[in-house]
Amino acid sequence: MIPAGAPIVTAAQMRAAEDAVFRTGVSQAALMERAGEAVAREAARFAMGRPILVLAGPGNNGGDAYVAARLLHANGHDVALVATGAPKPGAAAEMHARWRGPTSSLYAARPRPVLIDGLFGTGMARPLERGLAAVFADLASHADFTLAIDLPSGIDTDSGDDLGAPRGIDATVALGALKPAHLIGAGLERSGHVILADIGIPVETRSRTVARPSLATPGIHSHKYTRGLVAVIEGAMPGAARLSARAAMAGGAGYVVLAGGEPWGAGPDALVRREVGTSEDLAEFLGWDRIDAIVLGPGLGRDRRAEAFLRTAFAAPKPLVLDGDALSLLGTGAARWLQSRTAPTWLTPHAGEFDRMFAGQGSKIDRTLAAAAETGATILHKGPDTVIASPKGDVRILSGASPWLSTAGTGDVLAGILGAQVAQGGKGVAPAEAAVWLHARAAGLAGAAFIADRLIDPLAEAITECL
Ligand SMILES: NC(=O)C1=CN([C@@H]2O[C@H](COP(=O)(O)OP(=O)(O)OC[C@H]3O[C@@H](n4cnc5c(N)ncnc54)[C@H](OP(=O)(O)O)[C@@H]3O)[C@@H](O)[C@H]2O)[C@H](O)CC1
Ligand SMILES: [K+]
């Protein structure tokens with residue numbers, strides 16, 4: 001469970017936010033007390049009276065652990081505390097001094113039903129030493145419930161890379177703001193249920209988790225054209241484009257046209273069809289001023305006609321969603337191709353398509369931001385951690401969507417929903433955020449073991465929840 005619409009900051013941004021609070025006269029110790037209090041509150045909720053083992057590391061993450069141990073003990077919990085060694089001077093040492101119980105060595109610790117991980121947080125700078133990682137993993141494997149303070153120890157804060165964190169952490173209390181490690185890479189899997197604790201640190205960030213969109217009921221003067229017309233271009237595999245077209249219809253568009261060589265396949269009667277055999281036909285059709293958004297790529301194929309259709313769609317001064325085969329045709333030339341665009345563009349690559357299109361270093365967030373800046377397009381980088389980035393530097397992340405989305409065609413559905421949101425005037429990350437939320441919610445409503453076609457019907461309920 002990931003908090004919606006929550007701020008996401010890197011370790012450096014968090015430190016800067018903490019420093020700003022210190023400049024107002026709030027001490028590190030006071031902040032640590034608030035952090036420890038938040039941890040103790042959540043730990044008490046989950047412990048349900050069972051014996052607790054607290055692990056304290058050398059820094060301020062350990063400092064939070066000392067506070068939590070003291071407060072839990074003061075509230076009658078059976079608390080044992082073990083440490084990696086003496087805490088660093090300052091607030092952590094002060095909090096250790098306030099802990100009245102024994103401090104034993106971590107390496108002599110015996111498992112207990114509830115484990116609190118206060119080893120490392122945003123100061124994680126290198127892989128866990130093997131002995132420490134082994135002891136931590138053993139204690140976590142024997143615990144009924146493991147709670148991590150701020151971050152699972154052994155996960156890189158900004159990239160989510162695995163630095164030796166054990167599996168089996170049930171929940172993480174994120175202090176002040178979410179970090180990328182709660183949402184991407186190994187961190188998504190190791191953090192468990194993420195609880196965001198407000199400890200009075202205002203943060204400035206353009207990165208947030210995806211929130212439920214606020215959608216509008218059509219006005220009394222609405223008609224099919226005012227609610228957005230989406231043109232979905234069909235190619236070698238017509239079923240994919242039909243899925244996109246149906247998703248655009250169910251995703252809120254007022255009018256959807258499926259255009260291609262043989263657009264007459266199965267589908268709702270309300271789906272308008274337009275035969276375009278050549279790129280000249282397509283150019284003439286895309287010149288229709290009623291078209292508000294174009295979706296190209298699902299089932300397009302990669303033959304010469306597909307490339308001609310891609311060039312034609314590029315030349316159209318209309319908002320354009322590129323998915324699937326269109327992304328494969330762009331390949332590493334995406335930035336060059338996109339420079340010619342005058343209207344806004346959205347790309348919806350999955351990890352494989354993204355890696356083929358963009359080199360890039362760093363975290364999934366960094367790489368997606370770089371691709372957006374390079375291409376001038378908004379990038380919807382799909383995965384269990386879907387990262388959306390705009391050329392302006394806005395980031396939205398949705399993690400933890402239904403794993404049942406890992407089936408053919410769900411990307412075609414997402415492209416269609418995005419087309420509908422774009423056709424209604426969405427700019428930058430907003431339509432992508434709405435589309436990702438609706439797509440994930442439809443998957444949640446569809447339950448288990450669904451096929452992509454089953455995502456279309458629940459969209460109406462998902463949209464209703466946004467009104
Ligand atoms: N966000 C907030 O508002 C608050 C956060 N707090 C807590 O503070 C930690 C961050 O504390 P910090 O002291 O900066 O770092 P850590 O406690 O995560 O790490 C401590 C030191 O450990 C060393 N280190 C790093 N990686 C390893 C490793 N793999 N093995 C051994 N040691 C490691 C490193 O020091 P070095 O000098 O050895 O590099 C770290 O500095 C944050 O996560 C919150 O829990 C505040 O308490 C309250 C407000
Ligand atoms: K931790």
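Quick caveat, the model's predicted, so the values are computed rather than measured. Numbering of ligands and ligand atoms starts at 1, following listing order.
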S.K.: Could you tell me whether atom 35 (O) of ligand 1 has at least one protein heavy atom nearer than 4.0 Å?
M.R.: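 Protein heavy atoms within 4.0 Å of atom 35 (O) of ligand 1 - there are none.
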S.K.: Determine if the distance from atom 29 (N) of ligand 1 to the closest protein heavy atom is below 4.0 Å.
M.R.: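 At least one protein heavy atom is under 4.0 Å away.
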S.K.: Note the single closest protein heavy atom to atom 3 (O) of ligand 1, along with its residue, its atom name and the distance in Å.
M.R.: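 Here the closest protein heavy atom is I201 CD1, 2.4 Å.
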S.K.: Tell me the protein heavy atom at minimum distance from atom 19 (O) of ligand 1, and give that distance in Å.
M.R.: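 Checking every protein heavy atom, the shortest distance to atom 19 (O) of ligand 1 gives F120 CD2, 3.6 Å.
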S.K.: Pairs of nitrogen or oxygen atoms closer than 3.5 Å, one from R126 and one from ligand 1: do any exist?
M.R.: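 Right, the criterion is met.
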S.K.: Which is it for M14 and ligand 1 at heavy atoms under 4.0 Å: side chain, backbone, both or neither?
M.R.: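 Near ligand 1, M14 shows its side chain, while the N, CA, C and O stay back.
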S.K.: Would one find an N or O of P58, backbone or side chain, under 3.5 Å from an N or O of ligand 1?
M.R.: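 By distance alone, the answer is no.
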S.K.: Considering only non-hydrogen protein atoms, determine which one is nearest to atom 10 (C) of ligand 1 and report residue, atom name and distance to 0.1 Å.
M.R.: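 Answer, as residue, atom name and distance: T122 OG1, 3.2 Å.
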S.K.: Please list the nearest protein heavy atom to atom 11 (O) of ligand 1 with its residue and the distance rounded to 0.1 Å.
M.R.: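 Scanning the protein heavy atoms, the shortest distance from atom 11 (O) of ligand 1 goes to N60 CB, 3.3 Å.
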S.K.: Is there a polar contact between ligand 1 and I199, counting only N or O atoms under 3.5 Å apart?
M.R.: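 In fact, backbone or side chain, I199 has no N or O that close.
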S.K.: Looking at every non-hydrogen atom in both residues, tell me the closest pair between M14 and G176 and how far apart they are.
M.R.: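 In terms of heavy atoms, the two residues are closest at CE-CA, 4.2 Å.
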S.K.: I need the minimum non-hydrogen distance between L196 and P7, along with the two atoms involved.
M.R.: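 Shortest heavy-atom contact: CD2-CD, 4.4 Å.
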S.K.: List ligand 1 atoms under 4.0 Å from L128, heavy atoms only on the residue side.
M.R.: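 Close to L128: 29 (N).
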S.K.: Determine whether F358 and L347 make a side-chain contact, defined as any pair of heavy atoms from C-beta on separated by less than 4.5 Å.
M.R.: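 In contact.
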S.K.: I'd like to check whether D150 has a polar contact with ligand 1, where a contact means an N/O of the residue lying under 3.5 Å from an N/O of the ligand.
M.R.: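 Yes; the residue has a nitrogen or oxygen that sits under 3.5 Å from a nitrogen or oxygen of the ligand.
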S.K.: Could you check D150, T157, D156 and say which one makes a side chain to side chain donor-acceptor pair (under 3.5 Å) with K179?
M.R.: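 Between K179 and the candidates, side chain to side chain donor-acceptor pair (under 3.5 Å) is satisfied uniquely by D150.
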S.K.: Kindly confirm or rule out an N or O of A125 lying under 3.5 angstrom from an N or O of ligand 1.
M.R.: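 Indeed, backbone or side chain, A125 has an N or O that close.
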S.K.: Quick one: which of G123, A38, G121 has a heavy atom closest to atom 14 (O) of ligand 1?
M.R.: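 Selected option, by shortest heavy-atom distance: G123.
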S.K.: To the closest 0.5 Å, what do you measure between CH2 (W337) and OG1 (T332)?
M.R.: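 One finds 11.5 Å between CH2 of W337 and OG1 of T332.
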S.K.: Any N or O on K88 sitting closer than 3.5 Å to an N or O of ligand 1?
M.R.: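 Checking ligand 1 against K88, an N or O pair does fall under 3.5 Å apart.
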S.K.: Once you measure the plane-to-plane angle for F46 and F145, does it fall in the parallel (<30°), tilted (30-60°) or perpendicular (>60°) bin?
M.R.: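 If you compare the ring of F46 with that of F145, the planes turn out parallel.
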S.K.: Quick check on the K ion (ligand 2): does G57 put an N/O/S atom closer than 3.4 Å to it?
M.R.: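 No, G57 does not qualify, because none of its backbone or side-chain N, O or S atoms lies under 3.4 Å.
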S.K.: Counting only heavy atoms closer than 4.0 Å, does ligand 1 sit against the backbone of Q28, its side chain, both, or neither?
M.R.: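 It is the side chain that touches ligand 1; the backbone stays farther off.
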S.K.: Which pair of heavy atoms, one from A420 and one from G252, lies closest together, and at what distance?
M.R.: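 It is CB-N, 4.2 Å.
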S.K.: Examine all N, O or S atoms of D117, backbone included, and report whether one is under 3.4 Å from the K ion (ligand 2).
M.R.: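 A backbone or side-chain N, O or S atom of D117 is under 3.4 Å from the K ion (ligand 2).
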S.K.: Can you tell me if, anywhere in G121, an N/O/S atom lies at a distance from the K ion (ligand 2) that is smaller than 3.4 Å?
M.R.: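 No N, O or S atom of G121 is closer than 3.4 Å to the K ion (ligand 2), so no.
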S.K.: To the nearest 0.1 Å, how far is atom 20 (C) of ligand 1 from its closest protein heavy atom, and which atom is that?
M.R.: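 Looking only at protein heavy atoms, the one closest to atom 20 (C) of ligand 1 is G59 CA, 3.6 Å.
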S.K.: Which heavy atom of the protein is the closest neighbour of atom 17 (O) of ligand 1, given with residue, atom name and distance?
M.R.: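 Here the nearest protein heavy atom works out to N61 N, 3.0 Å.
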S.K.: Angle at the K ion (ligand 2), OG of S153 to O of I149, rounded to 10 degrees, please.
M.R.: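 Between OG of S153 and O of I149, the angle at the K ion (ligand 2) is about 170°.
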S.K.: Which heavy atom of E37 sits nearest to which heavy atom of L71, and what is that distance?
M.R.: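 That closest heavy-atom pairing would be CA-CD1, 3.6 Å.
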S.K.: Please check whether P127 reaches ligand 1 - meaning an N/O of the residue sits under 3.5 Å from an N/O of the ligand, judged on distance alone.
M.R.: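 Yes, P127 has an N/O under 3.5 Å of an N/O on ligand 1.
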S.K.: At what distance is the nearest protein heavy atom to atom 4 (C) of ligand 1, and which residue and atom is it?
M.R.: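 Result: E18 OE2, 3.4 Å.
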S.K.: Looking only at heavy atoms, what is the nearest atom pair of D412 and D323, with distance?
M.R.: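 Of all heavy-atom pairs spanning D412 and D323, the closest is OD1-OD2, 3.8 Å.
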S.K.: Could you tell me whether the side chains of H96 and T103 share a donor-acceptor contact shorter than 3.5 Å?
M.R.: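 Yes.
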S.K.: Would you mind listing which atoms of ligand 1 come within a distance below 4.0 Å of any non-hydrogen atom of M32?
M.R.: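 Here the atoms of ligand 1 in question are 47 (O).
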S.K.: Could you state the interatomic distance from CG (D19) to OG1 (T24), rounded to the nearest 0.5 Å?
M.R.: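 Interatomic distance, D19 CG to T24 OG1, rounded to 0.5 Å: 11.0 Å.
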S.K.: Can E465 and R441 be counted as an ion pair, charged N to O under 4.0 angstrom?
M.R.: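 Yes, E465 and R441 are salt-bridged.
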S.K.: Do S363 and D158 pair up side chain to side chain, a donor and an acceptor below 3.5 Å, judged on atom types alone?
M.R.: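 Result is no, nothing qualifies.
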S.K.: What residue and atom, counting heavy atoms only, is the protein's closest point to atom 7 (C) of ligand 1, and at what distance?
M.R.: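 Checking every protein heavy atom, the shortest distance to atom 7 (C) of ligand 1 gives D64 OD2, 3.1 Å.
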S.K.: So that I can check it, does any N, O or S atom in T172 come closer than 3.4 Å to the K ion (ligand 2)?
M.R.: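 Looking at T172, which is the residue asked about, there is no N, O or S atom under 3.4 Å from the K ion (ligand 2).
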S.K.: Is there a heavy atom in M124 that sits closer than 4.0 Å to ligand 1?
M.R.: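 Yes.
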S.K.: Would you check if the K ion (ligand 2) lies under 3.4 Å from any N, O or S atom of F120?
M.R.: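 Coordinating: yes.
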S.K.: Heavy-atom contacts with L175 under 4.0 Å: which atoms of ligand 1 show up? List them by number with element.
M.R.: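 The atoms of ligand 1 under 4.0 Å from a heavy atom of L175 are 1 (N), 44 (C), 45 (O).
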